[in-house]
Amino acid sequence: MRNKTYFLTSVIILLTVVFCFTLEAQQKNVTHRTKFSGEWKSKEPISLGGNIFCSYVESDRMNSKTMKIVEEPNFLTIENPNSHPEAKYTTSREKLIINGKESQINHGQGNEKKFTVRLSADGQTMTINSIVYFITATPYKINVKKKAFTNVTEVWKLSNDGKSITVQANAKSNIWDGERSWKTVFDKTN
């Protein structure tokens with residue numbers, strides 16, 4: 001009887017050890033998700049890469065070469081310096097809610113942006129679909145303005161090492177023919 005008890009105790013201890021090692025191994029295999037948070041810089045703003053104007057105000061993030069991103073569980077805040085001399089604020093902030101529901105920014109005078117943001121399951125890719133409305137001059141007509149719009153899809157891919165973000169942008173507008181596509185790379189500076 002004593003051998004049976006000794007054997008049973010040994011088996012229980014062995015199974016406990018195996019179970020603990022299995023749990024520990026699984027925890028080590030969980031990939032650490034790199035985040036978009038940080039300070040980033042590119043050679044040119046996102047909007048200039050496609051040689052288009054896809055923002056409606058000077059302080060829009062699409063016009064900036066630098067940005068600071070703070071990532072929260074359900075949203076991102078993007079801050080960029082406002083270099084326009086008549087700017088009301090020195091920093092522009094845009095809050096991107098990651099839920100697929102439409103958000104809107106309105107600066108009056110027909111200038112507005114509606115957008116949705118989705119994050120991939122692995123957290124490495126963010127897709128921003130936006131439509132920008134703005135008032136523009138009508139070609140060949142003096143002082144005649146019309147409402148223009150640009151549809152923009154941005155796919156932000158974070159590199160595996162978290163040191164760069166590649167933004168692939170595609171745009172269509174009612175003020176030019178066809179679709180324009182371009183790529184902008186931001187490098188982490190901190």
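Any value given below was found using the heavy atoms of this structure, including those in side chains, with hydrogens, waters and symmetry copies removed.
- Closest approach of K41 and T66 over heavy atoms only: CG-CG2, 3.8 Å.
- In this structure, the separation between CG on L96 and CG on L76 is 5.5 Å, given to the nearest 0.5 Å.
- Separation of atoms CD1 (I131) and CD (E112) is listed at 9.0 Å; rounding is to 0.5 Å.
- The minimum heavy-atom distance linking S164 with D161 is given by the pair N-OD1, 4.4 Å.
- To the nearest 0.5 Å, atoms CE (M126) and OG (S120) are separated by 10.0 Å.
- Paired with W40 under the rule side chain to side chain contact (heavy atoms under 4.5 Å, CB included), one option of V185, I69, D187 passes, and it is I69.
- A search for side chain to side chain donor-acceptor pair (under 3.5 Å) contacts involving N170 returns S181, not counting sequence neighbours.
- Pairing each heavy atom of G178 with each of K172, the nearest pair is O-CG, 4.0 Å.
- Cluster membership check: V167 does not share its hydrophobic cluster with V70, using side-chain heavy-atom separations under 4.5 Å among Ile, Leu, Val, Met, Phe, Trp and Tyr.
- A distance of 13.0 Å separates CD1 in I78 from NZ in K95, rounded to the nearest 0.5 Å.
- Here the shortest heavy-atom pairing between L158 and F36 reads CD2-N, 3.9 Å.
- Nearest heavy atoms, T184 versus E44: CG2-O, 3.5 Å.
- At least one donor-acceptor pair under 3.5 Å links the side chain of S173 to the backbone N or O of F149.
- Atom CZ in R93 sits 13.0 Å away from atom CD1 in I105 (nearest 0.5 Å).
- Both W182 and M67 belong to a single network of hydrophobic side chains, linked directly or stepwise wherever heavy atoms of I, L, V, M, F, W or Y lie under 4.5 Å apart.
- In this structure, K147 fails the cation-pi test against F134, since its NZ or CZ atom is not both closer than 6.0 Å to the six-membered ring centre and inside 45 degrees of the ring normal.
- Panel note: side chain N190, backbone E39; a donor-acceptor pair is recorded below 3.5 Å.
- Side-chain contact check for I98 versus N74: every heavy-atom pair is 4.5 Å or farther apart.
- Between F115 and Q104 the shortest heavy-atom distance is CE2-N, 4.4 Å.
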Working for side chain to side chain contact (heavy atoms under 4.5 Å, CB included), residues I128 and V117
CA-CA 5 Å; I128 304 170; V117 182; 4.2 Å; yes
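- Judged by distance alone, with hydrogens and angles left aside, the side-chain atoms of Q124 form no donor-acceptor pair with the main-chain N or O of K157 at under 3.5 Å.
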Candidate pair T127 and T153, rule side chain to side chain contact (heavy atoms under 4.5 Å, CB included), full reasoning
CA-CA 7 Å; T127 304; T153 299; 4.2 Å; yes
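- Aromatic ring pairs are classed by plane angle as parallel below 30°, tilted from 30° to 60° and perpendicular above 60°; the pair F186 and W156 is parallel.
- In this structure, the separation between CG on N80 and CD on E94 is 8.5 Å, given to the nearest 0.5 Å.
- In this structure, K188 contributes its side chain and S37 its backbone to a donor-acceptor pair below 3.5 Å.
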